[in-house]
Amino acid sequence: MEKQLKIFNTLTSEKVLFEPINKNFVGMYVCGPTVYSDVHLGNCRTFISFDMIYRSLQFLGYKVRYVRNITDAGHLENDADEGEDKIAKKARLEQLEPMEIVQKYTVDFHEILKAFNNLPPTIEPTATGHIIEQIELIQTIIDNGFGYESNGSVYFDIEKYNKTENYGELSGRKIEDLIAGSRDLDGQSEKRNPLDFALWKKASPMHIMRWPSPWSDGFPGWHLECTAMSTKYLGKQFDIHGGGMDLKFPHHECEVAQGNAANGKKPVKYWLHANMLTLNGKKMSKSTGNTLLPRELFSGDNNLLEKAYHPMVVRFFMMQAHYRSVLDFSSDALNAAEKGFAKLNNGLETLGKLVPSIKSSEDVDAMIASFYTAILDDFNTPILIANLFDAVKFINSVNDKNATITAEDQTKLLAAMNDFIRQVMGIKNQSIAETGKLSAVMDVILEIRKNARANKDFATSDLIRDKMLAAGITIKDSREGTSWEG
RNA sequence: GGUCACGUGGCCGAGUGGCUAGGCAGUGGUCUGCAACACCAUCUACGGCGGUUCGAAUCCGUCCGUGACCUCCA
């Protein structure tokens, strides 16, 4: 079966056949986090979406180089001269070194994504580790006539660029509209045009993170690192560039312009944008505080939810929506996902235990083909899940003797379902010890033991305590009651 | 204000000219000591108004509503 992958290219707003630049190899760049605060669930959705895409590409036989950056150089707070480096600001507030902040939140980011069972990218470069490349890139852009130095800072000349190229092609904006809609900000005197964006910013005396450059002691502009690092590791042109929808403009638009200005060609063949996770109907956002942190979700320690959810339940919940659709987060939706997830897991378990027949009453090959069809259609995980549930229905029918399956089909289906659930969607079996379920179980056990003790049935109460201890759980009696640690 | 999306049944969420999405919840059965799981059956739908068409939830227009971007943001 020829597997033809179709993906939605946001550059052209069309679903097109995916044809990598080099056959069987895929270069993929995804904008990573700015590590100055806790990664929230909305951030995670994007990274989980692209993890699924990365996994799918690998599953379909592509060799993928997946580059995702860590933005640790800080971005400007705003476009004004007084703009303050976000990381430096936080550092001053917490009395820490900037790199301490970076380290803390980078480690946290990795831990959270690991909990969600994300695979690490093949290269995870940092902005601070590529200052030289960024300075070289700026020089190239200046040499090519698309950048100019002004008072120690360097800006990208959008008007010049737009004479021969099309600034706004990715986000569908017209430069006239942008000019009309641009605000009158103070401190823009250095720029020739309000739309011009910084490639290099001269650091103020207070600014902590700074590097020497031909223009000034300063730091790279917002959009530069991605162009520098994607070019270095994936080449002047590569297959896929991903990121959150909110980065489309201006960040990705600027990347297109920078890459084109530096290398004389459009950097990216396929742009993929993952949609937002909303909370209370609004985008999750650090700046507005409309966020939910993954750890709060895993522990149930927050004001929005009455209970904890396993990371795999959350991942399954996200997979039930298409990556290009807005997904609204709610307790009800998550509860439904949790039950559906259990049903899927039960089905998989049941499949392994079925008693085979000499004939299959359903076309298992067609079932498996439907899994492929879903993923090949722009990574349609909701359809994949629907098709998996159809398989579960069949499995349960066999289990109830209302349908039959051959041993061969049983093996094939089990392998395929495992492939698509574990490898493609990255959903692993939840471990009971990691869920709130263990505490529910312990509550029951402790109640039984309490009753036994009330009845002076110490044989039972001691049996429970000893067996629990053997399993690594310590039961502690106290005046206030009984608690456990495990 | 400009640009672009979206509006599907009680909830979440696919699909996109004719053919059951799926999950959760509900209802009636089967199973069970009682449950849970599972199975069978079943109910609730495509924002409003126009248009194109033999036929539209699906295409076009328009209105209403919501959101994203236009400032750092996944």
Side-chain angles (χ1 to χ4, degrees), chain A residues 10 13 30-34 36-37 39-50 68 71 74-80 83-86 89 109 168 171-174 176-183 185 195 197 222 242-253 273-278 281-288 290-291 316-344 346-347 349-350 370 374 377 380-393 395-403:
Chain A
T10 45
S13 290
V30 173
C31 290
T34 305
Y36 66 91
S37 65
V39 61
H40 63 69
L41 201 64
N43 303 131
C44 291
R45 184 187 181 202
T46 295
F47 300 126
I48 290 169
S49 292
F50 283 103
R68 188 185 62 211
T71 297
H75 283 171
L76 287 172
E77 287 276 60
N78 55 48
D79 220 359
E84 187 172 17
D85 187 306
K86 221 164 212 175
K89 184 179 180 184
F109 173 67
S171 54
R173 277 150 217 264
K174 293 192 181 74
E176 308 85 65
D177 295 341
L178 288 168
I179 292 167
S182 72
R183 301 180 190 182
L185 291 170
L195 294 183
F197 58 90
W222 322 341
M245 203 75 108
D246 50 351
L247 295 183
K248 198 171 177 184
F249 187 88
H251 184 60
H252 291 158
E253 196 68 61
H273 287 98
N275 220 137
M276 300 293 102
L277 182 68
T278 59
K282 297 271 173 65
K283 174 189 165 188
M284 274 198 202
S285 167
K286 282 172 195 168
S287 51
T288 60
N290 187 229
T291 59
F316 178 79
F317 163 71
M318 290 183 179
M319 290 295 143
Q320 279 191 303
H322 188 86
Y323 78 92
R324 279 192 291 110
S325 296
V326 173
L327 175 63
D328 192 55
F329 187 91
S330 71
S331 185
D332 286 348
L334 216 52
N335 284 335
E338 188 171 50
K339 292 195 176 172
F341 181 52
K343 184 174 180 173
L344 186 61
N346 289 340
E349 205 174 305
T350 305
S370 76
D377 185 14
N380 199 322
T381 52
I383 291 290
L384 170 60
I385 288 172
N387 293 342
L388 287 166
F389 274 117
D390 285 343
V392 168
K393 191 167 190 173
I395 290 163
N396 288 328
S397 295
V398 175
N399 195 229
D400 280 12
K401 312 279 187 271
N402 292 323

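By the side chain to side chain donor-acceptor pair (under 3.5 Å) test, A:D377 pairs with A:K15, sequence neighbours left out. With sequence neighbours left out, A:F389 forms a ring pair (Phe, Tyr, Trp, His ring centres under 6.0 Å) with no residue at all. Residues passing the salt bridge (Lys or Arg N to Asp or Glu O under 4.0 Å) test with A:R68 are A:E124, sequence neighbours excluded. For A:Y323, there are no ring pair (Phe, Tyr, Trp, His ring centres under 6.0 Å) partners, not counting sequence neighbours. Residues passing the side chain to side chain donor-acceptor pair (under 3.5 Å) test with A:S285 are A:S287, sequence neighbours excluded. Evaluation of the side chain to side chain donor-acceptor pair (under 3.5 Å) rule for A:H40 yields A:N43 as partners, not counting sequence neighbours. The side chain to side chain donor-acceptor pair (under 3.5 Å) search around A:N275 returns none, not counting sequence neighbours. For A:T350, the side chain to side chain contact (heavy atoms under 4.5 Å, CB included) partners two or more places apart in sequence, or in a different chain, are A:L354, A:I395, A:N396, A:N399.
Comparing the C1' positions of B:rG55 and B:rC43 gives a spacing of 27 Å, expressed to the nearest Å. With P as the reference atom, B:rC59 and B:rU8 are 15 Å apart, rounded to whole Å. Annotation: B:rG47 and B:rU58 have their C1' atoms spaced 15 Å apart (nearest Å). Spacing of C1' atoms, B:rU53 relative to B:rA21, comes out at 26 Å, to the nearest Å. With both ends at atom P, the span from B:rC39 to B:rG50 equals 44 Å, rounded to whole Å. Separating the P atom of B:rG9 from that of B:rU44 is a span of 13 Å, rounded to the nearest Å. Across the C1' atoms, B:rC37 and B:rU30 are found 14 Å apart, a figure rounded to whole Å. For the C1' atom pair drawn from B:rU71 and B:rG15, the interatomic distance equals 37 Å after rounding to whole Å.
When side chains are defined from C-beta on, A:L388 counts as touching A:L384, because their heavy atoms get closer than 4.5 Å. Taking the side chain as every heavy atom from C-beta outward, A:T381 and A:M318 never approach each other to under 4.5 Å.
Rounded to whole angstrom, the span from the NZ atom of A:K283 across to the P atom of B:rG67 amounts to 13 Å.
At the phosphate of B:rA25, OP1 or OP2 sits under 4.0 Å from a side-chain N or O atom of A:K339.
Along RNA chain B, the nucleotide nearest to A:G32 and the one nearest to A:A386 differ in position, and the one closer to the 5' end is contacted by A:A386. Mapping A:F249 and A:L277 onto RNA chain B via the closest heavy atom, the residue that lands nearer the 5' end is A:F249.
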>> If you apply the rule side-chain contact (heavy atoms from CB on, under 4.5 Å), what do you find for A:Q320 with A:L327, and how did you get there?
In response: CA-CA 9 Å; A:Q320 279 191 303; A:L327 175 63; over 6 Å; no
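Residue-level contact check: A:G168 touches neither bases nor backbone, having no heavy atom under 4.0 Å from any strand. Among the protein residues, A:K282 comes within range of the sugar-phosphate backbone only, with heavy atoms under 4.0 Å from sugar or phosphate atoms but none that close to a base.
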> What string of B, S and - do you get for nucleotides 32-45 of chain B, 5' to 3', when a contact is any protein heavy atom under 4.0 Å?
Replying inline: ------SSS-----
> Once each nucleotide of nucleotides 4-16 of chain B is scored for protein heavy atoms under 4.0 Å, what B/S/- sequence comes out, 5' to 3'?
Replying inline: --------SSSS-
> Would you write out the dot-bracket form of RNA chain B, 5' to 3', with Watson-Crick and G-U pairs under 3.5 Å, [ ] for crossing pairs, | for pairs to other strands and . for unpaired bases?
Replying inline: (((((((..(((.....[...))).(((((.......)))))....(((((..]....))))))))))))....
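Judged as a salt bridge (charged side-chain N to carboxylate O under 4.0 Å, His left out), the pairs with a partner in residues 242-251 of chain A (not counting sequence neighbours) are, in order, A:D246-A:K283.
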